[in-house]
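Written below as structure tokens is the structure these notes are about.
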Amino acid sequence: MNDADAARTADASAVALPETAAAHPSRGAGPGRKGAAGPVALVVGGALSVQFGAALAVLLIPRAGALGVVTLRLTLAALVLLLVCRPRVRGYSRSDWGTVVAFGAAMGGMNLCIYQAIDRIPLGAAVTLEVLGPLALSVIASRRLVSLVWAGLALAGVVLLSGGGFDRLDPVGAGFALAAGALWATYIVFSARTGRRFPQADGLALAMAVGAVLSLPLGLMEAGTRLAVPSTLALGLAVALLSSVLPYTLELIALRRLPAGTFAVLMSLEPAVAALAGFLVLQQALSVTDAAAMALVIAASIGAVRSRTAAA
């Protein structure tokens, strides 16, 4: 979702995981741990907002389809961000625009894949598989022997989650979740580049608009005029605010005072938050095996983050 989302700035895409904090120059800039309770609460609130927004999106899918929900989320979030940020469009090079377009394409693709996944498999399982993308990026970037331990732990979690074969989950849904993870890693790379080229949240707003434009034909083909039903639009706006606008705002405020490493560790808990949202909103109960698999992936993600932080 990780829009990221995912939009997740973690999709902001998040929307988002181990590398997302390091990817943004503004993240990690601030004082140490003293007085971190407030920023931590903001980050946790952002994570809850993202995943409960995803759970609400699952309820919206029967009305608009997975592609239609993505279109509503990206388009409405883009409109809100463009109105708030009012980014300038002049004075940028062709390379700058290429970067923001790549960022927007990765954001759009990530959202398309994760919504296709959560339409087929439980939310907690989908986000657990999605997390593997940023985790793999963190392990590769680390280039330390201990990273192999975290990679092995994550692999054990995936094997446990799949029960020896992804047919238990629905192989198509699992494949979409893994694709979302790969696009999340791509999103993180271009998020960092965009952050260096565009001031404030201008790059994010422009990238969100790119993602909205790319998703619009797909959403219209699947849902057509159903997207214009007032109740569907209202729910779509709620998804956009919960999954994109609100968490990005909370993260940007928190990261002025929260170290990047602490932020990344908190984001590593995203699968657990997703499982909670799936249980409370969608009645998707976790089996003991699924919970253990999720715990392994979360432990691997936290371990990878702490290893990189210690090496920095």
- Query: Going through the checks in order, is the side chain to side chain contact (heavy atoms under 4.5 Å, CB included) test met by V50 and E270?
  - Reply: CA-CA 9 Å; V50 166; E270 195 98 357; 3.7 Å; yes

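- Minimum heavy-atom separation, Q116 to R120: OE1-NH1, 2.7 Å.
- Considering V80, L81, L76, L79 in turn, L81 is the only one that fulfils the side-chain contact (heavy atoms from CB on, under 4.5 Å) rule with M208.
- Of all the heavy atoms in A177 and A126, the pair that sits closest is CB-O, 3.6 Å.
- The shortest distance between side-chain heavy atoms of V58 and Y115 does not fall below 4.5 Å.
- The two residues G46 and L250 have their closest heavy-atom pair at N-CD1, 3.6 Å.
- No side-chain N or O of T99 forms a donor-acceptor pair with one of D96 less than 3.5 Å apart.
- Here the closest non-hydrogen pair linking S49 and L241 is OG-O, 4.4 Å.
- Closest of all the heavy-atom pairs between L132 and A154 is CD2-CB, 4.1 Å.
- The nearest pair of heavy atoms linking A277 to A55 is O-CB, 4.1 Å.
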When you look at V210 and F103, which way does the side chain to side chain contact (heavy atoms under 4.5 Å, CB included) test go after all the steps?
CA-CA 8 Å; V210 170; F103 181 25; over 6 Å; no

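- Linking ILVMFWY side-chain heavy atoms closer than 4.5 Å, directly or via other members, places L216 and L206 in two distinct hydrophobic clusters.
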Q: Could you walk me through whether Q284 and F279 pass side chain to side chain contact (heavy atoms under 4.5 Å, CB included), step by step?
A: CA-CA 5 Å; Q284 295 175 342; F279 175 72; 5.8 Å; no

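- Heavy atoms of other residues, nucleotides or ligands lying less than 6.0 angstrom from OH of Y92 number more than 12.
- For the pair T128 (side chain) and G124 (backbone), a donor-acceptor distance under 3.5 Å is present.
- Of the candidates L72, T232, V229, R63 forms a side-chain contact (heavy atoms from CB on, under 4.5 Å) with just one, namely T232.
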Verdict with supporting geometry, L183 and C113, side chain to side chain contact (heavy atoms under 4.5 Å, CB included) = CA-CA 9 Å; L183 286 164; C113 287; 3.8 Å; yes

